[in-house]
There are 2 protein chains.
Amino acid sequence: MTGPRSAQGRPPAASPSHVRAVALDDVDRRLVRLLEEDARMPNNALAAAVGVAPSTCLARVRALRERGVIRGFHAEIDPAAVGRGLQAMIAVRMQAGARAQLRDFARRVADRPEVMDLYFVAGADDFLIHVAVKDTATLRAFVVDQLSARPEVAVTQTSLIFEHLPAAGSGFV
Amino acid sequence: MTGPRSAQGRPPAASPSHVRAVALDDVDRRLVRLLEEDARMPNNALAAAVGVAPSTCLARVRALRERGVIRGFHAEIDPAAVGRGLQAMIAVRMQAGARAQLRDFARRVADRPEVMDLYFVAGADDFLIHVAVKDTATLRAFVVDQLSARPEVAVTQTSLIFEHLPAAGSGFV
DNA sequence: AATGAAAACAGAGATCC
DNA sequence: GGATCTCTGTTTTCATT
């Protein structure tokens with residue numbers, strides 16, 4: 001484990017992509033796939049599953065972390081179980097004159113506790129915000145206070161999310 | 001740890017919400033927050049951080065898993081590092097007559113390796129698909145073969161994602 | 001339900017191939 | 001770069017409160 005993280009902040013490094021074109025061999029790819037599914041798989045089980053010695057496996061996983069291939073290990077939490085049963089996707093378009101502040105504005109929004117993901121997109125909208133909140137009143141407050149009331153924001157469009165299927169572990173690594 | 005997962009499938013249980021209105025006390029909430037940030041935090045460190053004995057901590061975490069509050073532990077992977085440097089959000093609207101098959105169709109799509117998340121939404125679109133792929137050719141192949149060529153699909157709209165800020169650990173648990 | 005002690009186990013390093 | 005061995009520390013169980 002490296003450094004701890006500020007409780008409310010963004011992950012420290014591992015920016016957009018970078019450390020690019022890292023060549024992963026077959027063992028690396030299998031490790032990534034296994035840890036994507038179960039981040040707590042013991043090192044020796046991991047080693048056995050990919051067919052290397054535990055010490056090798058440990059070194060491989062550490063290298064994957066250091067290369068930025070593995071960005072971190074996280075528990076997946078049921079939002080509803082922690083009082084965030086309502087999810088929405090909010091498309092935001094900034095005022096033409098406010099494009100220069102787009103990234104700073106979006107990053108501040110992304111640091112709000114309601115926000116689960118923020119996607120900068122190409123096209124009519126500037127970014128999408130995936131939020132999980134307690135109820136419609138909280139959602140409305142977020143949209144109004146954090147977005148539509150801001151002069152930088154031109155338009156927002158909120159879509160309620162009925163269900164979210166995350167795909168942790170299904171990638172074709 | 002409960003059962004293993006089929007490599008390509010969805011997580012087993014923990015559907016939309018369920019096990020609902022689970023009362024979490026202060027210790028539970030702190031455990032959830034810590035594990036959301038670092039799923040591999042050692043049990044004794046976890047115990048010390050929340051102020052209970054390691055054995056108690058272990059039982060708490062196990063209970064959180066069994067209650068479905070914690071759905072799993074996953075490594076966060078840099079998509080670019082595993083050859084999926086291009087991300088997009090695809091909005092899909094189904095044909096009016098195909099709404100009955102919406103869920104089945106969407107679930108099959110969600111099991112595709114390109115798909116990272118699928119959101120069923122209210123409004124003009126039926127669902128949004130967050131994909132991560134190698135290049136534009138792969139993206140185009142996905143959109144055409146899996147979506148627009150299908151008779152159930154009315155329209156798709158693809159937005160490239162420039163950057164994705166995930167918020168693991170920022171929730172207000 | 002939480003604890004403390006004891007047993008089982010995994011993790012990290014040094015050494016060698 | 002990878003394996004074997006060993007020591008240290010953590011995870012886990014269980015009797016107890």
Below the 4.0 Å mark, does [N] have OP1 or OP2 next to a side-chain nitrogen or oxygen of [X]?
X     : N      : value
B/R40 : C/dA10 : no
B/R60 : C/dA2  : yes
B/T56 : C/dT3  : yes

To the nearest Å, how far apart are [X] [atom1] and [N] [atom2]?
X     : N      : atom1 : atom2 : value
B/D28 : C/dA2  : CG    : C1'   : 13 Å
A/N43 : C/dA12 : CG    : P     : 7 Å
A/D26 : D/dG2  : CG    : C1'   : 16 Å
A/D38 : C/dA10 : CG    : P     : 14 Å
B/L58 : D/dT11 : CG    : P     : 8 Å
B/N44 : D/dT10 : CG    : C1'   : 6 Å
B/R62 : D/dT12 : CZ    : C1'   : 8 Å
B/E66 : C/dA1  : CD    : P     : 12 Å

Problem - Side-chain heavy atoms of B/R103 within contact of A/E163, under 4.5 Å - result: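 Yes, at least one pair of side-chain atoms sits under 4.5 Å.
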Exercise for the section: Using a 4.5 Å cut-off on heavy atoms from C-beta on, say whether the side chain of B/I129 contacts that of B/V109. Expected result: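 Of all side-chain heavy-atom pairs linking B/I129 with B/V109, at least one is under 4.5 Å.
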Could you tell me whether [X] and [Y] have a side-chain N and a carboxylate O separated by less than 4.0 Å?
X      : Y      : value
A/D78  : B/R67  : no
A/R150 : A/E152 : no
B/D26  : B/R30  : yes

Problem - End-to-end axis angle, where each axis spans five pairs of the helix from C/dA1-D/dT17 to C/dC17-D/dG1, to 10° - result: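 Both end axes considered, the difference amounts to 30°.
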Handout entry: A/F127, A/Y119, A/F120 screened by side-chain contact (heavy atoms from CB on, under 4.5 Å) with B/I161, the one that passes
Key = A/Y119
Handout entry: Residues, nucleotides or ligands: over 12 heavy atoms within 6.0 Å of B/R99 CZ
Key =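 Yes - once you tally the heavy atoms of other residues, nucleotides and ligands closer than 6.0 Å, there are more than 12.
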